Q: 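I'd like to ask you about the structure that follows.
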Amino acid sequence: MTQEYIIFGTGSVGRKLLEYFNRYFPHIKIAYFLDNNINKNVNGYTVKHPSNLVLNRNQKILIASSYAEEIIVQLEKMNYQQNLHFYDARSLPGLLARYEKFLLNKNKLDENKIKYNFIDINRLKTKKTSDRLFILGTGGTINDITDEQWGHIKKYDSWGMNYWSLHSFLPTYYTFEFFYKTENLDNLIKLNRLLNIEYDFIKELGNMEDNSISILKSENKIIPILQNHYLDFYSKKDFEQRFDLLKELNLIEDDNCFYSFVSTAVTIFSIAIRLGYKEIIFCGVELKNNGYFYDDYDDVNEYFIPRSDKKQLTHETFCDQSENLGADQMIFLLYEKFNESKELKLYTATTKSALYPKLPLYNWE
């Protein structure tokens with residue numbers, strides 16, 4: 001029997017959700033709409049009052065309304081259970097809007113004949129040489145790591161990000177993102193080219209601006225790109241429910257499609273879990289301040305190095321600086337959700353990190 005969904009809400013949220021489903025996910029079948037005001041019309045779909053609701057075994061409800069909290073109470077009083085009979089889907093239009101931007105930018109790459117491929121999880125696995133991974137952020141405490149400790153890191157896998165290419169240590173993996181400001185992408189690609197630095201992929205294609213096309217064309221090679229869907233959450237409850245909803249709707253069927261999160265470090269962490277690492281150590285991921293390890297570096301030729309000017313402030317992705325869950329909270333939640341076997345161990349390389357003391361200090365011996 002084909003699974004069907006009923007959208008509760010005939011306002012802008014519900015209509016937008018229907019539009020995205022019809023355009024990009026035709027496998028999601030909408031049976032009809034529910035609304036406490038039935039004097040509405042939604043593209044010819046039947047609109048029923050909740051009092052007339054009879055939920056068949058193959059039907060579930062998607063709440064798409066700004067009145068979601070009230071609707072949840074209403075449905076629970078009717079003996080329907082959340083994440084069993086109904087889901088809070090009010091955040092889905094925002095997620096699908098990002099997905100649409102991703103597709104639009106993919107089309108721009110095609111139209112401009114830019115060669116690229118979406119990164120394959122198996123391709124990343126070929127570079128994996130150990131079960132221990134050092135995630136190398138760009139925070140100032142990177143400068144506290146001793147030569148002996150760098151020798152220790154070199155024995156295992158490591159993953160650098162964004163302007164890590166300025167550092168002398170060559171990691172196993174290296175990635176950066178399509179920045180919101182085109183000049184940052186342009187600058188970093190040219191800088192990496194000058195330093196002869198290879199990268200494993202660029203993430204957040206949805207953020208690409210039209211001005212980035214010219215620098216991508218100049219690469220003269222196949223550009224590896226992460227096929228990712230950006231997720232943000234405003235609470236632990238939202239985190240848990242959103243994952244259940246995405247699984248229910250089967251929005252991501254490809255094993256080589258990834259989620260990305262509030263920071264590059266969190267995205268790398270989520271991929272590292274999929275790669276099967278047993279120990280992950282966060283280096284230079286302080287979040288308590290906004291300083292970079294390269295703040296005192298000189299510019300390289302004509303290419304600028306972005307420096308922090310607010311060293312004492314917490315990083316913008318820290319929980320105190322965001323209305324949504326911060327990078328620290330996301331790391332803890334992903335760890336909790338995807339570590340059911342309890343085999344994965346996490347550490348921080350510094351007590352100056354916001355991850356400490358919840359994450360223990362790594363023992364370098």
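Just so we're clear, the structure is a prediction, and the values are computed from it rather than from any experiment.
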Q: Would you mind checking if Lys115 and Glu219 are paired as a salt bridge, meaning a charged N to carboxylate O distance below 4.0 Å?
A: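 Looking at Glu219 and Lys115, the cut-off is not met.
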Q: Any chain of hydrophobic side-chain contacts (each under 4.5 Å) joining Tyr45 to Phe8?
A: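 No.
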Q: If you apply the rule side-chain contact (heavy atoms from CB on, under 4.5 Å), what do you find for His152 with Phe134, and how did you get there?
A: CA-CA 10 Å; His152 177 84; Phe134 290 83; 3.8 Å; yes
Q: According to a hydrophobic-cluster definition based on side-chain heavy atoms being under 4.5 Å apart (Ile, Leu, Val, Met, Phe, Trp, Tyr only), do Leu53 and Val42 belong together?
A: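 Different clusters.
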Q: Do NZ/NE/NH1/NH2 and the carboxylate oxygens of Glu198 and Lys221 come within less than 4.0 Å?
A: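 Looking at Glu198 and Lys221, the cut-off is met.
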Q: Decide, yes or no, whether a salt bridge links Arg23 with Glu19 under the criterion of side-chain N to carboxylate O below 4.0 Å.
A: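 Salt bridge between Arg23 and Glu19, a charged N being under 4.0 Å from a carboxylate O: yes.
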Q: Hey, is the main chain of Ser158 close enough, under 3.5 Å, to the side chain of Thr172 for a donor-acceptor pair?
A: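 Looks like yes, one N/O pair under 3.5 Å.
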Q: Taking the six-membered ring for Trp, are Phe21 and Tyr5 closer than 6.0 Å centroid to centroid?
A: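 Phe21 vs Tyr5: aromatic centres not under 6.0 Å.
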Q: Backbone N or O of Phe201 within a donor-acceptor pair of the Thr175 side chain at under 3.5 Å?
A: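 Yes.
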Q: Hey, are Asp110 and Tyr116 close enough side-chain-wise for a donor-acceptor pair under 3.5 Å?
A: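 Their side chains do contain a donor-acceptor pair, which is all the 3.5 Å distance test asks for.
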Q: With the threshold set at 4.0 Å, does a side-chain nitrogen-carboxylate oxygen contact exist between Lys352 and Glu286?
A: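 No, no charged N to carboxylate O under 4.0 Å.
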Q: Among Asn43, Thr10, Ile28, Val13, which one satisfies side-chain contact (heavy atoms from CB on, under 4.5 Å) with Leu18?
A: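 Going through the options one by one, the only one that passes is Asn43.
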Q: Identify the heavy atoms of His49 and Ile38 that sit nearest to each other, and give their distance.
A: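 Shortest heavy-atom contact: N-CG2, 3.3 Å.
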Q: Would you say Ile197 ends up clustered with Trp150 if hydrophobic residues are merged whenever their side chains have heavy atoms under 4.5 Å apart, either directly or through other cluster members?
A: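 Same cluster: Trp150 reaches Ile197 through Ile, Leu, Val, Met, Phe, Trp or Tyr contacts under 4.5 Å.
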Q: Under a 3.5 Å distance rule, please check whether Gln149 uses its side chain to pair with a backbone N or O of Thr146 as donor and acceptor.
A: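 Here the side-chain-to-backbone pair exists.
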Q: Within the distance-only criterion (no hydrogens, no angle test), does the side chain of Ser270 pair as donor or acceptor with the backbone N or O of Thr267 below 3.5 angstrom?
A: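 Checked: pair present.
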Q: Do side-chain atoms of Thr348 reach the backbone of Leu359 as a donor and acceptor pair under 3.5 angstrom?
A: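 A pair under 3.5 Å: no.
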Q: Against Tyr259, only a single residue in Phe243, Phe338, Phe269 fulfils ring pair (Phe, Tyr, Trp, His ring centres under 6.0 Å); can you say which?
A: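 Considering Phe243, Phe338, Phe269, a ring pair (Phe, Tyr, Trp, His ring centres under 6.0 Å) with Tyr259 is found only for Phe243.
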Q: I want to know whether Phe25 and Tyr99 have ring centres closer than 6.0 Å.
A: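 Judged by ring-centre distance (under 6.0 Å), Phe25 and Tyr99 do meet the cut-off.
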Q: Going by an N to O cut-off under 4.0 Å, is there a salt bridge joining Lys108 and Glu111?
A: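 The answer is no: the pair does not qualify as a salt bridge.
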Q: Regarding Asn363 and Tyr347, is there a side-chain donor-to-acceptor distance under 3.5 Å anywhere?
A: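 Looking only at side-chain atoms, Tyr347 and Asn363 do not form any donor-acceptor pair under 3.5 Å.
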Q: Quick one about Tyr277 and Asp157 (side-chain donor to acceptor, distance below 3.5 Å, no hydrogens or angles considered), yes or no?
A: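 Yes, Tyr277 and Asp157 have a side-chain donor paired with an acceptor closer than 3.5 Å.
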Q: Can you give me the closest heavy-atom contact between Trp364 and Ile153, atom names plus distance?
A: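 Minimum heavy-atom contact is CZ3-CG1, 3.7 Å.
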Q: Decide whether Asn187 and Tyr163 meet the rule of one side-chain donor and one side-chain acceptor closer than 3.5 Å.
A: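 On atom types as modelled, these side chains qualify, holding a pair under 3.5 Å.
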Q: Cut-off 3.5 Å, side chains only: do Gln82 and Tyr87 have a donor facing an acceptor?
A: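 No pair is found: no donor N or O on one side chain lies under 3.5 Å from an acceptor on the other.
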Q: Centroid-to-centroid, His167 to Phe293, below 6.0 Å?
A: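 His167 vs Phe293: aromatic centres under 6.0 Å.
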Q: Do the two ring centres, one from Phe176 and one from Phe178, sit under 6.0 Å apart?
A: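 That pair fails the under 6.0 Å test.
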